[in-house]
Trainee: 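Encoded as structure tokens, here's the structure I'll be asking about.
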Amino acid sequence: MAASRHGGYTRDRGFYLDETRRMPYPLRSRYQDSYHCRRDLRREPNGIHNDYRNYPHRNHSPVTEKGALGHEPGELSSDSRLDEPEPRRDDMGKENGVPVKTEENLTKKRKFSPIVWDRNEVRQPDVGSNRIDETGEELSVAGTPDRLLSQTEPVSIEGPDILAVSPGHSGMDDGEIELGQIDEDEDSNLVVRTITSSRWAEDDDMDIIAPKKKRSISPMQRDPDKNVPTPESGGVLTDGSDRASSRPSSSGRGERGNDCAVVDGEQRAEHSDHSSQRGKDSEFRRDETPESAGPPQRRINMLQGCRSVDEFERLNKINEGTYGVVYRARDKKTGEIVALKKVKMEKEKEGFPMTSLREINILLSLNHPSIVDVKEVVVGSRLDSIFMVMEYMEHDLKGVMETMKQPYSQSEAKCLMLQLLEGVNYLHHNWVLHRDLKTSNLLLDNSGNLKLCDFGLARQYGSPLKPYTPLVVTLWYRAPELLLGAKEYSTAIDLWSVGCIMAELLTKEPLFDGGDEKTQLNKIFKTLGTPDEKSWPGYKNLPGAKAAFANQPYKLRENFSRASFSGQPTLSDAGLDLLNKLLTYDPEERITAEEALKHPWFSELPLPKSKDFMPTFPAHNNKDRTVRQSDEEP
Ligand SMILES: Nc1ncnc2c1ncn2[C@@H]1O[C@H](COP(=O)(O)OP(=O)(O)OP(=O)(O)O)[C@@H](O)[C@H]1O
């Protein structure tokens, strides 16, 4: 496969990255110390990557007279973004001795993100049989042969070691979180990984989590050609020193303990302080995002010592999705209102559902204001059910838009889009594809915060590459490459969904609301024009492109031609440009989240509305009513 804008993998060179920015933070910090370090990485004295200076708001000129330039109430003032003292820059273009991103080296930077592709041939192990691992220990393999391909395939949880989840990293790949999963390395050696062999798990931690069965696999699986650790190869931890340095901050994070959820109080406090501070600030400041602080290091022993769900008073059912029922609940001890997502287990005969395990692991490893926070995992009173305790958000975007009379204005849409893109950018920088971005998976609170939820389809990606199903992403938000059966896909699929969401914010109508895949494609082509080899090189080779589609012209502009409620155009030319870039057919050419955040639409008038001035909505269905057992389990 040739080099790609969104990633690269060749048989000869294996998976390669041109920039360490695509690596999970611990990986990145390690690489920044090595010769792989890129010139354009800004590195703070504490080793944390920080690229806030490229935040779009920083580039536009100050507005001196608020309101005179047509600001809507609550729009961000440019002045406030220029308050921070500029660091000293020396002759070599370094700030405080650190190379700095400049327009020049930014444009030179190659844009790579790892690509995910399907492999047609997957050698499957004898499932159900036991295997001998490298240590000579017999390992039991649970699950079914096609579990690597299945999103919903449950795996059995067996033994004390696999009750432990060590999610304190951004780079948990399936090989690590899927218990008892067989992984296939480049040399076709089958390796059984357990959760405790996560690349962030330290030996001593493993002793605590799994004192009886310590299964060792090589913690550093390297790309065979480049000798480079990759997310899916599970490699970061080569030795103790690497381990130490791979953690963005070792201070107090991931302290071991016997509690179910060992969350460092200081870090948690930092996060909530941070969130509330962000709520107060009327601007987005890239330098404040926890992205720069790296993912938290948390460790959960899922069943041992977990709090019981009885410690929460269930107030009302919020919603029921495919994978779980979500309740609003009150922590009896602290009085805190939380969301409890009950993991659906009824249909799972063979153990804990994979999607839920994946969601819990991924959410626990992430830490960003635009990603819903999972506080802990609790168990049902009969120990037969699992609940995720999440921060409570009053609304989801889908519900809110159903009640709105008018669509969001441009400045409101910009406020939401920035938060959405920040979240997606954070995910992609941490090698996570969400794969199910849609309005019902975007939570809103009455302080103007937007957060991504539902990571049931999310997964880590990287190398060695594994087969991923194209049947991801709810139809309306599904990228054309998935609809046309592309065998490889990457971060670009999430950006397509973001484009659909952007259009929906501004029109209040789903952009492409097909009832089946063919209709969905037809609706896309009707608006964006039918793709061809010129607009999308390689299009003709896609399995679905063999079908004859009528030749349609491009007419996206028409969707936004009418004036908005406020008399302004629903979408400016710059806004249309961003939308076009998000809805670009060729995934290689589709804009990345990082690029989108710098798009001029965000810095032109009307400026993004401050969160403080975003519309609020009455909480629906929130009349406190304790949910009885009969409500919960019919
Ligand atoms: N933390 C939260 N606070 C408030 N409401 C929430 C929260 N998490 C989820 N919800 C509500 O529950 C709904 C379903 O949640 P979620 O999408 O996580 O479940 P799911 O079973 O994975 O859904 P899906 O069928 O979309 O896959 C959301 O659309 C939202 O309305």
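Whatever order the structure lists ligands and atoms in, that order sets their numbers, starting from 1. As a basis for the values below, the full set of heavy atoms in this structure was taken, side chains included, without hydrogen atoms, waters or symmetry mates.
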Trainee: Does ligand 1 have a heavy atom under 4.0 Å from the side chain of T474, from its backbone, from both, or from neither?
Mentor: neither
Trainee: Please work out whether the ring planes of H368 and Y426 are parallel, tilted or perpendicular, with thresholds of 30° and 60°.
Mentor: tilted
Trainee: Under the ring pair (Phe, Tyr, Trp, His ring centres under 6.0 Å) test, which residues partner F455, sequence neighbours left out?
Mentor: H434
Trainee: With a cut-off of 6.0 Å (strictly less than), are more than 12 heavy atoms of other residues, nucleotides or ligands near NZ of K332?
Mentor: yes
Trainee: Would you say K438 touches ligand 1, if touching means a heavy atom closer than 4.0 Å?
Mentor: yes
Trainee: Between R435 and D494 (salt bridge meaning N to carboxylate O under 4.0 Å), is one present in this structure?
Mentor: no
Trainee: Could you tell me, atom by atom, which parts of ligand 1 come under 4.0 Å of a heavy atom of V372?
Mentor: 1 (N)
Trainee: What atoms of ligand 1 come within less than 4.0 Å of a heavy atom belonging to M393?
Mentor: 3 (N), 4 (C), 5 (N)
Trainee: Using a strict 4.0 Å cut-off to heavy atoms of M390, name the atoms of ligand 1 that fall inside it.
Mentor: 1 (N), 8 (N)
Trainee: Given that the side chain starts at C-beta and the backbone is N, CA, C, O, which of these parts of D396 lies under 4.0 Å from ligand 1, counting heavy atoms, or is it both or neither?
Mentor: side chain
Trainee: Under 4.0 Å from ligand 1, counting heavy atoms only, is it the side chain of K341, its backbone, both or neither?
Mentor: side chain
Trainee: So, for I337 and R328, which heavy atoms are closest and what is the spacing to 0.1 Å?
Mentor: CG2-CG, 3.8 Å
Trainee: Quick one: which ligand 1 atoms are inside 4.0 Å of a heavy atom on A339?
Mentor: 1 (N), 2 (C), 3 (N)
Trainee: What atoms of ligand 1 come closer than 4.0 angstrom to any heavy atom of I318?
Mentor: 4 (C), 5 (N)
Trainee: Have a look at D445, V374, N319, D454 and point out the one with the heavy atom closest to atom 23 (O) of ligand 1.
Mentor: D454
Trainee: Between E391, M388, E394, which one has a non-hydrogen atom sitting closest to atom 1 (N) of ligand 1?
Mentor: E391
Trainee: So which bit of N441 gets within less than 4.0 Å of ligand 1, heavy atoms only: side chain, backbone, both or neither?
Mentor: side chain
Trainee: With sequence neighbours left out, write down each residue that passes salt bridge (Lys or Arg N to Asp or Glu O under 4.0 Å) with K398, or none if nothing qualifies.
Mentor: E402
Trainee: Would you call D331 and R307 a salt bridge, taking side-chain N to carboxylate O under 4.0 Å as the test?
Mentor: yes
Trainee: Is there a donor-acceptor pair closer than 3.5 Å between any side-chain N or O of K451 and the backbone N or O of P369?
Mentor: yes
